[in-house]
Amino acid sequence: MNFEEFQNSARLYVIGALEPEELQDFEAARKQYGSAGEDFINQCYGLHEAFALSLKPAKASDAIKNKLMAMVRERQDQSGAARP
Amino acid sequence: MDANDRSNVNLGMSSAVDPNLQTAATSDLESHHAKPAIPPVALEPGAPTDVDLMLQIQTGDADALSQLYDRYHGIVKALILRIIHNDTEADDLLQEVFMEIWNQAKNFSAQKGKPLGWMVTLTRRRAIDALRKKQAYARAEERLQAAPEQQPVAWVENVTEKEIEAGDTRVLMTKMINSLPEAQQQVIELAFFQGMSQREIAFHTNIPLGTVKTRLELGLKKMHDGLKELKDEL
C-alpha cells in the first residue's frame with residue numbers, strides 16, 4: 001500500500017467504514033508508515049468534528065441536565081471523593 | 001464479526017458495534033484528533049476553554065461538566081438525533097453521553113487533541129451502538145427507502161443569507177458538505193451517521209461496491225482537503 005492509498009484508507013478508517021479485509025492491510029501499512037501514518041490518522045479525525053458541526057444544534061429539555069447533574073453529584077457522594 | 005456477518009448488519013441482525021468502528025473509536029478516546037479548523041463555539045472573554053473544562057472535570061469538578069454541557073449539548077444532541085431519529089431516545093442518550101464524559105474524562109489528553117473531537121467520537125460510537133441495539137436500524141432503512149432522494153438534502157439544512165454573512169462554523173461546514181456531489185454526500189451520510197460499512201451501503205443503495213468505495217474516498221478527501229484549506233486561511 002503506497003502512502004496515497006494509506007491516506008484513502010485512513011479516512012475510511014476513522015469513520016469505521018473499512019471492511020475487515022481492508023482493515024488488516026491498513027493496520028500493516030500503519031505500522032509501516034509509523035509516526036507519519038499516525039499523524040495523518042489524527043488529522044483525519046478532524047472529519048468527525050466537521051460532520052458534527054454541520055448539524056444545527058438541537059434543543060434538550062432542562063430536565064435532562066438536571067437529571068445528569070443529580071446523577072453526577074450522587075456518584076460523588078457515594079464515592080466520598082471529588083474525583084470521578 | 002467476519003465479512004459475512006457484517007453484510008447481515010444491514011438487515012438489522014446485529015446488536016453490536018462493528019469491530020472496525022469500535023477500534024477506531026476506542027483508539028480515538030486514547031489517542032487523538034486533528035485540531036479543528038476554527039473554534040467550534042464563540043466564547044465570552046474570560047470564559048474557560050474546552051481544555052480548561054476537561055481538566056477541571058478530571059479533578060471531579062461537577063460545575064465544569066455543567067458548563068461543558070451548556071456549551072455543547074446542542075451539537076451532541078443534534079449528532080445523536082441524526083443517527084437515531086428519535087427525540088426521546090436522543091434525550092436519554094444525551095444524558096448517558098455526558099455521564100460517560102464524566103466517567104471517562106481521565107482518558108482525555110489535551111496533548112493529543114481537542115475536547116470536541118473526543119466528545120463527537122464518543123457520542124457517535126454510543127449512538128450507533130444504541131441504534132443497532134434497538135434495531136432502529138431497520139426503521140431508518142425503511143425511511144431511507146421511502147425517500148432516498150431526500151437524504152442528502154436532509155443532512156445539510158438550508159441556511160439563510162444572514163447565517164452565511166455571520167460566517168459561523170456550521171455554515172462553513174455546511175457549505176463544504178454542499179460542495180460535494182449528492183452521490184458522495186449520500187454514501188458519507190450512510191457511513192458516518194448510520195455506521196454502515198461499504199458492503200452495507202452497496203446493499204442498501206444497490207450501488208456496486210467499487211463505486212461506493214470510490215465515492216467515499218473522493219468525498220472524504222474533498223472534505224479533508226477543505227478542512228485543511230480552512231485551517232490555512234484562518
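Proteins come first, then strands; the chains are lettered A, B, ... in the order of their sequence lines, and each starts at number 1. Being a predicted model, the structure only gives us computed values, none of them experimental.
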Of all heavy-atom pairs linking Gly46(A) and Leu227(B), the shortest is O-CD1, 3.7 Å
Requested in this report: For residues Ile64(A) and Tyr69(B), determine if any side-chain heavy atom of one lies less than 4.5 Å from a side-chain heavy atom of the other.
Outcome: yes
Should Lys228(B) and Gln43(A) be marked as a side-chain contact (heavy atoms from CB on, under 4.5 Å) after you check the CA-CA gap, both sets of side-chain angles, and the distance that decides it?
CA-CA 9 Å; Lys228(B) 282 196 290 189; Gln43(A) 276 183 34; 4.1 Å; yes
Value for CZ (Arg82(B)) from OG (Ser54(A)), rounded to nearest 0.5 Å, stands at 8.5 Å
Task: Centroid-centroid under 6.0 Å between His224(B) and Phe40(A) rings - done: yes
So, the part of Arg73(A) with a heavy atom under 4.5 Å from chain B: the answer is side chain
Rounding to 0.5 Å, atoms CD (Gln76(A)) and CG (Asp61(B)) come to a distance of 8.5 Å
- Between Lys56(A) and Ala78(B), is there a donor-acceptor pair closer than 3.5 Å when you use the side chain of the first and the backbone of the second? no
Q. side-chain contact (heavy atoms from CB on, under 4.5 Å) between Phe51(A) and Ile177(B): does it pass, once the steps are laid out?
A. CA-CA 8 Å; Phe51(A) 291 137; Ile177(B) 292 167; 4.2 Å; yes
If one checks every heavy atom of Met69(A) against chain B at 4.5 Å, the contacting part turns out to be side chain
Rounding to 0.5 Å, atoms CE (Met99(B)) and NZ (Lys67(A)) come to a distance of 12.0 Å
So, the part of Gln7(A) with a heavy atom under 4.5 Å from chain B: the answer is neither
Item to complete: Determine, for Glu19(A) against Lys213(B), whether the closest basic-nitrogen to carboxylate-oxygen distance falls under 4.0 angstrom.
Response: no
Scanning both residues in full, the closest heavy-atom pair of Met223(B) with Ala50(A) reads CE-CB, 4.0 Å
Shortest non-hydrogen pair, Met173(B) vs Leu53(A), comes out as CG-CB, 3.9 Å
Okay, Lys65(A) and chain B: the region with an atom under 4.5 Å from a heavy atom over there is both
Tightest non-hydrogen contact, residues Lys77(B) and Lys59(A), listed as NZ-O, 2.8 Å
NZ (Lys222(B)) and CZ (Arg11(A)) are apart, to the nearest 0.5 Å, by 12.0 Å
| query | Between the main-chain N or O of Ile15(A) and the side-chain N or O of Arg124(B), is there a donor-acceptor pair closer than 3.5 Å? | reply | yes
